**Student:** 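Questions regarding the structure given below will be posed in turn.
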Amino acid sequence: MAAARAAAAVDAYQHNTLIRAAADHRSLLLAFRAMLREGVAADHFTFPFALKALAQAHHRSPPPCAAAPATATTTLGCLHAQMVKSGHGANVYAASALVHAYVSRADAASARAVFDAARHRNVVTWTAMIAGHAAAGEAREAVALFREAVARGQEVNGITVAQVMGACAQSRDLESGRWVHATLRRWGVEPILLDVALATAVLHMYASCGGLDAAFEVFDKMPRRNEVSWNAMAEVCSRHGRQDKVLEVFPGMHSVGMKPDKVTWLSILRACTSKGAAGLGQGVHAYMEKTIGHRHVAVCTSLMDMYSKIGNARSALQIFQCLKRKDLMAWTSMIIGLAKHGHGKDAVQLFNQMQHGGVVPDHVAFVGVLTACSHAGMVDEARKYFDSMWNHYGIRPTIKHYGCMIDLFSRAGRLAEAEGMMQMMPIQPSVTMWGSMMNGCKVHGRADIAERVGRQVAELNPQFGAIYVIMSNIYAEIVLPSVQLLTLYVAWKERGTVEPANELYSGNGEQYRNTRYRSTKRELV
DNA sequence: TATTTTCCCC
């Protein structure tokens, strides 16, 4: 009996080793099934190993098509079921690993279900769950869970704090961030002095919620800094429009013997782009070719973006074509770049190529292709792409997509369709949309529609002052019989918005133009 | 033989 148990333990050890070594979910499943088939029972190492292998495999190569990750999900579900069945669900290591596995698959809801049902939890379980909420963009839940942990007297560590700081940064929750910091100090811990990762997380939190000065203060106090600390600083400066400071990071790092990595380059490139510093950007490009080459998709995407924005579509295209592994953002950047430079048809073609290559478009990619259609006057194609967003990809159109469509219809003079879309869509029309439509009316000489729609807007939203500005634009371009102006004047007066109407009514064409500028300042700022 | 770390392009 004892010998049989010892033999089984040896067997489990061997299977565990195979399971741990699995590089993808397929080989993992094979190794796990082999264990079941040979009748070897899983021990308390099996599930932590298997789940970690699965999480890492997913991290290394996420499914190319987000709509069909069926196999990987099945593997995880299978492990979860076996874990519960075999009674290892009560093992805190296994439970933590399961929470993390769901988190790595961006399934925070399932992770939370496991977390809530777990019989035993420790600091790792709590940390994994807090990290899961943060990764899913559920910053409030992450902070709430951390507060709960502290209230229960649950042990937390530097990793937990780093995660919750990240959540505070994400939701610009300065109050919670300060509270976390103060709580640690109350415990006699100064996180900035503790370790680099934690200090960097604190730095990032203050930078996101407080501002540059708070970030500099933390940075100066840090006893040690690594590349990530410098990168956080560079990123913060570039977000706050301090391009000069970003460009100081490079010599700053150099002076302490550190080299910029791909994240540093992203900030530096962004600084060059927003500064419009073409020469500098090209210098950076040349330097990067020598150091890191064309290996990083993100950096190349940023470079493409820079070249597109300074009007050099050719260089952007060259970098794009050199890219071996093109991801969604690279495709999107190129599509938008082409669209903006009047190559609408090429951009649409690129979008189709991307889809054929199995890259699944997201909402930004759709903004790109719709913009491209708009510039190329491809109204019916746009309609097709727009419909496929929800029908094929389950992406709900946002205000930007509706804006593209309305702009597109209006430019093409298909004003009834523009109007129809504005009436059908589930969101409030924006000033830009009314502007697009009114502009379409102007270009296509449809003062009748402009007047009807404008009146409608004024009636539906009397507080929506911008419509009067837009209307005065129209009237400045298309002179209507004075009786119609008078009608409008009366309508506006009833609404209590007579000021712009007064100016409009008493003037001639020249004055309408003046009205437009004055009104624009008053109404839109 | 085990679980959880900071900065990131469209």
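Each chain gets a letter, A, B and so on, in the order the sequences are listed, and its residues count up from 1. Side-chain atoms are counted along with the backbone in the values below, which use heavy atoms only and exclude waters and symmetry mates. Because the structure is predicted, anything quoted here is derived from the model rather than measured.
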**Student:** From C-beta outward on Asp195(A), which listed nucleotide comes closest to its side chain: dC8(B), dT1(B), dT5(B)?
**Tutor:**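 The answer is dT5(B).
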**Student:** When you measure from every atom of DNA chain B, which of residues 209-239 of chain A have a heavy atom less than 4.0 Å away?
**Tutor:**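 Heavy-atom cutoff 4.0 Å gives Val228(A), Asn231(A), Glu235(A), Arg239(A).
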**Student:** OP1 or OP2 of dT4(B) versus the side-chain N and O atoms of Lys52(A): is any pair under 4.0 Å?
**Tutor:** yes
**Student:** Any Lys/Arg nitrogen of Arg112(A) or Glu141(A) sitting under 4.0 Å from an Asp/Glu carboxylate oxygen of the other?
**Tutor:** no
**Student:** Parallel under 30°, tilted from 30 to 60°, perpendicular over 60°: which one fits the rings of Tyr206(A) and His181(A)?
**Tutor:** tilted
**Student:** Residues in side chain to side chain contact (heavy atoms under 4.5 Å, CB included) with Ala207(A), at least two apart?
**Tutor:**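 Ala207(A): side chain to side chain contact (heavy atoms under 4.5 Å, CB included) contacts with Ala215(A), Val236(A).
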**Student:** Could you tell me how far apart Ile159(A) (CD1) and dT3(B) (C1') are, to the nearest whole angstrom?
**Tutor:**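 Nearest whole value for this atom pair: 10 Å.
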**Student:** Can you find a donor-acceptor N/O pair under 3.5 angstrom joining the side chain of Thr301(A) to the base of dC9(B)?
**Tutor:**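 By the distance-only test, yes, there is a pair.
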**Student:** Could you work out which one of dT5(B), dT3(B), dC10(B) sits closest to the side chain of Asp362(A)?
**Tutor:** dC10(B)
**Student:** How many whole angstroms separate atom CZ of Arg270(A) from atom P of dC7(B)?
**Tutor:**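 So the two atoms are 14 Å apart, to the nearest Å.
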**Student:** From the set dA2(B), dC9(B), dT5(B), return the single nucleotide nearest to any side-chain atom of Met329(A).
**Tutor:**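 The answer is dC9(B), which lies nearest to the side chain.
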**Student:** Among dA2(B), dT5(B), dC8(B), find the nucleotide with the atom closest to the side chain of Leu266(A).
**Tutor:** dC8(B)
**Student:** For Gln163(A) and dT6(B), is the shortest distance between a side-chain N/O and OP1 or OP2 below 4.0 Å?
**Tutor:**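 For Gln163(A), the contact criterion (side-chain N or O under 4.0 Å from OP1 or OP2 of dT6(B)) is met.
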**Student:** Quick test of your reading: applying side chain to side chain donor-acceptor pair (under 3.5 Å), list the pairs with at least one residue in residues 244-259 of chain A, sequence neighbours left out, ordered by first then second residue.
**Tutor:** Arg242(A)-Asp244(A)
**Student:** Can you check whether His204(A) has a side-chain N or O nearer than 4.0 Å to OP1 or OP2 of dT6(B)?
**Tutor:**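 So the side chain of His204(A) is outside the cut-off, no N or O lying under 4.0 Å from OP1 or OP2 of dT6(B).
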**Student:** To the nearest Å, give me how far apart CE (Met306(A)) and P (dC8(B)) are.
**Tutor:**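 So the two atoms are 21 Å apart, to the nearest Å.
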**Student:** Rounding to a whole Å, what distance do you find between Leu269(A):CG and dC9(B):C1'?
**Tutor:** 9 Å
**Student:** Please give, in whole Å, the distance from dC10(B) C1' to Lys400(A) NZ?
**Tutor:**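 That distance rounds to 11 Å.
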**Student:** For the side chain of Tyr93(A), counting heavy atoms from C-beta on, which of dT3(B), dC7(B), dC9(B) is nearest?
**Tutor:** dT3(B)
**Student:** Only pairs at least two apart or in different chains count here, so list each side chain to side chain donor-acceptor pair (under 3.5 Å) that has a residue in residues 80-90 of chain A.
**Tutor:**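 Only His80(A)-Tyr102(A), Ser86(A)-His88(A) qualify under side chain to side chain donor-acceptor pair (under 3.5 Å).
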**Student:** In whole Å, I'd like the distance from the CE atom of Met354(A) to the C1' atom of dC10(B).
**Tutor:**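 Going from CE in Met354(A) over to C1' in dC10(B) covers 11 Å.
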**Student:** Planes under 30° and centres closer than 5.5 Å, is that true for Phe45(A) with the base of dT1(B)?
**Tutor:** yes
**Student:** Rounding to a whole Å, what distance do you find between Tyr13(A):OH and dT1(B):C1'?
**Tutor:**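 Nearest whole value for this atom pair: 6 Å.
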**Student:** The side chain of Asn91(A) is closest to which nucleotide in this list: dC9(B), dT4(B), dA2(B)?
**Tutor:** dA2(B)
**Student:** Can you find a donor-acceptor pair, distance only, under 3.5 Å between Thr332(A) side chain and dC10(B) base?
**Tutor:** yes
**Student:** State, with a plain yes or no, whether a side-chain heavy atom of Met334(A) is found less than 4.5 Å away from one of Leu350(A).
**Tutor:**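 The answer is yes, as the side chains (C-beta and beyond) meet within the 4.5 Å cut-off.
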**Student:** When you measure from the side chain of Val263(A), which nucleotide among dC7(B), dT5(B), dA2(B) comes out closest?
**Tutor:** dC7(B)
**Student:** Without placing hydrogens or testing angles, list every side-chain donor-acceptor pair under 3.5 Å for residues 158-165 of chain A, not counting sequence neighbours.
**Tutor:**
residue, atom, partner, partner atom, Å
Thr160(A), OG1, Thr127(A), OG1, 2.9
Thr160(A), OG1, Asn157(A), N, 3.0
Thr160(A), OG1, Asn157(A), O, 3.4
Thr160(A), OG1, Asn157(A), OD1, 2.9

**Student:** Using atom types as modelled, flag every donor-acceptor pair under 3.5 Å from a side chain in residues 219-226 of chain A to any protein atom, sequence neighbours excluded.
**Tutor:**
residue, atom, partner, partner atom, Å
Lys221(A), NZ, Glu217(A), OE2, 3.3
Arg225(A), NE, Phe219(A), O, 3.0
Arg225(A), NH2, Phe219(A), O, 2.9
Asn226(A), OD1, Val228(A), N, 3.0
Asn226(A), OD1, Ser229(A), N, 3.0
Asn226(A), OD1, Ser229(A), OG, 3.0

**Student:** To the nearest angstrom, how far is Leu79(A) atom CG from dT3(B) atom C1'?
**Tutor:** 15 Å
